[in-house]
Amino acid sequence: MIETNKLKIFNDPIYGFITIPNTLIYDLIQHPYFQRLRRISQMGMSYLVYPGAHHTRFHHALGCLHIMQKAIQTLKFKAIKISEEEENALYIAILLHDIGHGPFSHAMEHSIVEDVHHEELSLLFMEQLNNEFEGKLSLAIQVFKGEYHRKFMLQLISSQLDMDRMDYLRRDSFYSGVAEGNINSERLIQMMNVQDDILVIEEKGIYSVEKFLVARRLMYWQAYLHKTSVVAELTLTKILKRAKELAQKSIPLEASKPLQYFMNNKVSLTDFNKAILNTFSQLDDYDVLSAIKAWQFHDDYVLSTLCKMIINRDLLKIRMLDEKPNKEILNSYKNILLKSHPLTEKEIDYFVFKGKVKNQAYSKESEPIRILKKDKTIEDVVQASDQLNLKALSKPVTKYFICFPKVVLEV
């Protein structure tokens, strides 16, 4: 048997060289479940706004692994005891935290599988991998579920200042070209510490935390909640909704076998077994895009029109509003469309609809970002900061929108 070198390095455009810490991590990266993340885009349909935003969940997961290595190094340097087993569990948990994402990441979270959150699917994948790797992921699963007694470990994986957010802000900012989202993750990591089993940021790092929260707010408005990204992602979910509707009526639709399965069957979290999980693991962006390319020529007017919108980037108009849109506007748009297009009232809802988006950079309801003061007391970043804008950042901002075809404006 040839002994292969598993201690590889990846060249990352953001951090430079990323090293694989051990052979188990290498084997997890090599697993088909994880390799699938190469075919899941990180920013959904944002490439229709920012042409460079074609990076994948695979990039992101490796970036998270890298900064987790840096965070553990920093904490160990500050005399925080972390055993080799705990270190490995943190690497596995952060590496696999997004493994349950479906095609186009958040854009289709509830479209393919009914009301199942990607984190629940990530856990199912981790449990399946744990069986295959003979229990070597048990501690990582415990940490991921928040069941491990060392609280700060979960905070490194899932909190308001975790490795996930640190990587995606910097990475999405880099690939989209939205410079406002760029953060100084190195400084944030250097300022990390653990006090009373809680993750804290030393006081001298407070400005880096403020910059991080401001960057998060700006990235949401400029990239994730950009109006064109919003309308494109909604169109994508409506395409799948329509396809499922037709599939339920036994109308033939061209699609890959895994996509056919989820269109023909209503699958909830409790239905998942190994076979269904494996079918889900065959699904990625390519299944959905190739289906959309085929469906643009389908006989169904609703499905073909929506698909052409995505393929040709000729999307619905979206109007952002500060207040809820009134029903009269929505109904007037629907009436114009009813008169000029071969659509039923139910089908009109695919083209004229309303919604809202919410942006909250920092939540007071969630676990706070804690600042370790020089006198060893701990304070919420909002209280510790002399910046009034942090109080503003913790207030949710809601914007409303209506979507409608351009033809409505021409009438």
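Side chains included, hydrogens not; waters and symmetry mates left out as well; all remaining heavy atoms used. It should be emphasised that the depicted structure is a prediction, and the values quoted were computed from it without experimental measurement.
Between Y301 and H341, the two ring planes are tilted [angle within 30° to 60°]. Taking the six-membered ring where the residue is Trp, F262 and F280 present perpendicular rings, their angle passing 60° and hence far from 30°.
A donor-acceptor pair shorter than 3.5 Å can be found between the side chains of D172 and Y224. Side-chain N/O atoms of R38 and Q35 include a donor and acceptor closer than 3.5 Å. Using modelled atom types, one finds a donor on one side chain and an acceptor on the other under 3.5 Å when comparing H60 with D164. Using modelled atom types, one finds no donor on one side chain facing an acceptor on the other under 3.5 Å when comparing N184 with Y207. Side-chain contact, S332 with N335: no donor N or O sits under 3.5 Å from an acceptor N or O. Judged purely by distance below 3.5 Å, without hydrogens or angles, the side chains of Q42 and Y175 never pair a donor atom with an acceptor atom. D167 and H59 are not linked by any side-chain donor-acceptor pair at a separation below 3.5 angstrom, with hydrogens and angles left out of the test.
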Derivation of the salt bridge (Lys or Arg N to Asp or Glu O under 4.0 Å) call for E345 and K334 = CA-CA 8 Å; E345 280 193 36; K334 286 181 179 181; over 6 Å; no

Show the numbers, then the answer: is there a salt bridge (Lys or Arg N to Asp or Glu O under 4.0 Å) between K406 and D314?
-> CA-CA 9 Å; K406 288 168 187 164; D314 187 11; 2.9 Å; yes

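Annotation: F10 is not in aromatic contact with H66 [ring centroid separation under 6.0 Å not met].
Sorted by first then second residue, the side chain to side chain donor-acceptor pair (under 3.5 Å) pairs that include residues 272-283, not counting sequence neighbours, are Y33-N278.
Considering CZ of R57 and CG of D285, their distance stands at 10.5 Å, rounded to 0.5 Å.
Residues meeting the side chain to side chain donor-acceptor pair (under 3.5 Å) test with D197, sequence neighbours left out: none.
Salt bridge annotation for R171-D12: present, with a cationic side-chain nitrogen under 4.0 angstrom from a carboxylate oxygen.
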